[in-house]
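Structure, as structure tokens:
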Amino acid sequence: MAYRTDFLRRTALAGFVGLIAITASAQEQQPAAPQQPQAQAPQPLPPGSALAGRPDNPEAAKLAPVSSPPLPTPADKLPTAKLKVPPGFSVEVYAAGVGNARSLREGAKGTVFVGSRTLDKVYAITPTDHKVKVIASGLHRPNGVAFKDGTLYIAELSQISKIENIEDNLDNPAKPTVIYDDLPKDEAHGWKFISIGPDNKLYIPIGQPGNNEPRDPKHAQIRRINLDGSGAEVVAIGVRNTVGFDWSPTSKELYFTDNGRDWMSEDVPEDKLNRLTKVGEDFGVPYCYQGNISDPEFGWGHSCTDYTPPVALMGAHTATLGMRFYTGSMFPAEYKDAIFVARHGSWNRSKKLGGDVVVVKLNKDGSVKSVTPFLTGFIADNNYLGRPVDVQPLKDGSLLVSDDWNGAVYRVTYKGKAK
Amino acid sequence: MKKALLSLLAVSALAGTAYAAVPEKAEQCPACHGENGQSQTEEIPSLGGQQPAYTLIQLYMFREKLRTSERMSPIAQDLTDDDLHSLSDFIATLPKPKPPADAGDPARMAAAKGLVDKEHCNSCHGADFSGRDNIPRIANQREDYLLKTLRDYKSNKRAGYDASMAEVLNSITDTQIVELAYYVARVR
């Protein structure tokens, strides 16, 4: 199954696309998914309402955000046997009992750090026996973790903190020290993925504080700071909610996922994979979604041609989250410098979409060649058996995948030529 | 209050098997939440018919100090994971709260219904406000508790398990909150 990179390239070049063309393309790609035009005009809501655009009909009323349970699933009840990977690969449980496991990061000594969103904890999984230890608690939505030179960086809802020499002190870690807190306190899209770039700066996303909000200078952007918290600078704007990014090992350019808005329709807008080629680029939100749809509420007076289009569309409402470039040597050569992307799975769609890990392969010029499923099987009978949040290649070349639905981390390995 | 609760705990510990079907630790609930989960106490919610996934999350949050309450926090400290399951499953079997005798002022109810419709409260809580999964039943909940809850979500004094309520309340005024609570408490 290839997503619409060809279509996207065409439309990006054409510069203008009507809604009819988009609909036609969506049908080409997913013939089974019926188009559901809004039968009734929604009642007007104030700008920025979470439910703006939601039609009053029984099918729409069935959809509501799904929260992961707080208690982790016991190891023997995890859906591992139902998960599917390409031939030659296998998937196993790396660690269970990691409540609400979200962002992943590997330390220099092989410790795996895991953030959480609905809980208050950051975990460490020890390298040899995969023991799960709580290394920080009492935090507010500590979703993001980053690691550099022995120091763990933690992103809570509205502050960034650090713990030095963390891997030498997993049993008695110091309390996190705040390095940066000039951040909004909005709950909606306030949780953060963080990562440290090749420029040695810490990148921090600030989500749009709701489903579809008017633009303001403090939200819907990516900032970067020095590792001591100084020198904050905005590097991208018009970014609704990115919960995953990484830098190309070859071009050093930043690639990041972004989640499209809710309630526009079943099939649009799609989530995006974006590429930042220069500081300050504008990715269009809330005026333009998926690179070619003018927002019905905020798009008036703006044109999608004024914003940087995505390099790939990642499916409607799929909640495309964590991503990493793969530079390891365990997987076959075709995966070299490809991007693994976790799609958490949709809620704002009648037939669930996403809930998997896909692999994005790039052309030499950094454009997208293909988007194909890699780890699937998390959806059965339109219900979640698990929900992937982040991916982390380990030094040995295997790939970890976090699942906040079950509070677990899986490991994908390649064992040889089964083809 | 605390003393009354402690003595109730002592009594229920002694009574032990008097209510075989009721989880032992549920015997302390009625002191504040009322018989059969129908609260008669100011700002204390009725529990009857509550969605088990929601109750489990709340008990978990009290235990882990993600949600604080002078009364609930100490009680929740003793709950095991199994207790969380058995208590929330048991609470779901209690009768749902009945609409109050006071049907409300018809004009005020009609205006409030317009607001409820406009804000799509039914989008997650359901057409009859009985909730689903992690989304709570709110129909005929105590008005003072609804009012307090909505205000606490809006001010972020009560951080939700997820961000949903903080998000939807962002554009709702306190005057409107008063009307939402008035309506949902009396809806029939």
Side-chain angles (χ1 to χ4, degrees), chain A residues 42-58 60-72 74 97 99-100 116-121 134 137-141 157-158 185-191 207-214 241 262-263 347-348 383 404, chain B residues 51-68 79-85 88 114-129 131-136 153-173 176:
Chain A
Q43 296 194 38
L45 280 167
S49 167
L51 293 150
R54 177 191 176 275
D56 273 319
N57 66 51
K62 287 179 189 163
L63 304 177
V66 191
S67 277
S68 301
L71 298 174
N100 195 237
S116 67
R117 176 164 80 93
T118 54
L119 309 187
D120 61 334
K121 296 170 178 50
V134 174
S137 61
L139 306 180
H140 190 54
R141 310 211 188 283
L157 185 93
S158 61
K185 294 187 169 17
D186 309 273
E187 283 285 323
H189 304 154
W191 58 90
Q208 180 174 271
N211 174 30
N212 202 28
E213 299 276 334
N241 185 31
D262 311 319
W263 296 122
W347 68 263
N348 193 216
N383 285 309
D404 65 349
Chain B
Q51 296 292 340
Y54 170 79
T55 308
L56 188 143
I57 287 169
Q58 299 309 313
L59 289 171
Y60 177 91
M61 291 180 80
F62 281 126
R63 185 181 77 182
E64 303 293 317
K65 303 185 176 73
L66 296 172
R67 182 180 172 191
T68 53
L79 303 179
T80 64
D81 288 356
D82 286 345
D83 289 336
L84 302 189
H85 283 291
S88 38
L115 182 62
V116 164
D117 289 346
K118 183 179 165 205
E119 298 294 342
H120 293 308
C121 303
N122 66 333
S123 183
C124 295
H125 290 281
D128 60 355
F129 306 100
R132 68 178 99 168
D133 302 323
N134 56 298
I135 297 154
Y153 274 134
K154 175 144 177 105
S155 69
N156 218 20
K157 184 180 169 191
R158 176 174 170 184
Y161 184 64
D162 62 27
S164 303
M165 283 307 293
E167 181 179 354
V168 294
L169 285 167
N170 198 25
S171 58
I172 296 178
T173 65
Q176 291 174 319

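Quick note: numbers below take in every heavy atom, side chains included, and nothing from hydrogens, waters or symmetry partners. Throughout, protein chains are lettered first and strands after them, A, B, ... in sequence-line order, and every chain is numbered starting at 1.
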Could you verify whether a donor N or O on one side chain and an acceptor N or O on the other, from B:Asn156 and A:Glu187, lie under 3.5 Å apart? yes
B:Ile135, B:Asn122, B:Ile57, B:Asp81: which one forms the most heavy-atom pairs within less than 4.5 Å of chain A? B:Asp81
Option in A:Lys185, A:Arg141, A:Arg117 with maximal non-hydrogen atom pairs under 4.5 Å from chain B: A:Arg141
Just so I know, are the side chains of B:Tyr54 and A:Ser67 near enough to count as touching, which here means a heavy-atom distance under 4.5 Å? no
Measuring from atom CD of B:Glu119 to atom CG of A:Leu51, what distance do you get when rounded to the nearest 0.5 angstrom? 8.0 Å
Side-chain (B:Glu64) to main-chain (A:Leu119) donor-acceptor, under 3.5 angstrom: no
Rounded to the nearest 0.5 Å, how far apart are CH2 of A:Trp347 and SG of B:Cys124? 6.5 Å
Checking A:Pro69 against chain B: side chain, backbone, both or neither under 4.5 Å from a heavy atom? backbone
Going by residue number, which parts of residues 159-166 of chain B are within reach of chain A, meaning a heavy-atom gap below 4.5 Å? B:Ala159, B:Gly160, B:Tyr161, B:Asp162, B:Ala163, B:Ser164, B:Ala166
If you round to the nearest 0.5 Å, how far is CD of A:Glu213 from OG of B:Ser171? 8.0 Å
Heavy atoms of A:Leu71 and B:Arg63 approach each other most closely as CD2-NH2, 4.1 Å
Please name the pair of heavy atoms, one in B:Ser123 and one in A:Arg54, separated by the smallest distance, quoted to 0.1 Å. OG-NE, 2.7 Å
Measuring heavy-atom distances to chain A, does B:Ile172 have an atom under 4.5 Å in its side chain, in its backbone, in both, or in neither? neither
Note, B:His120 side chain near A:Asp56 side chain (heavy atom, < 4.5 Å): yes
Mind listing the closest non-hydrogen atom pair of A:Pro209 and B:Asn170 along with its distance? O-ND2, 4.2 Å
So for B:His125, is it side chain, backbone, both, or neither that comes closer than 4.5 Å to the heavy atoms of chain A? neither
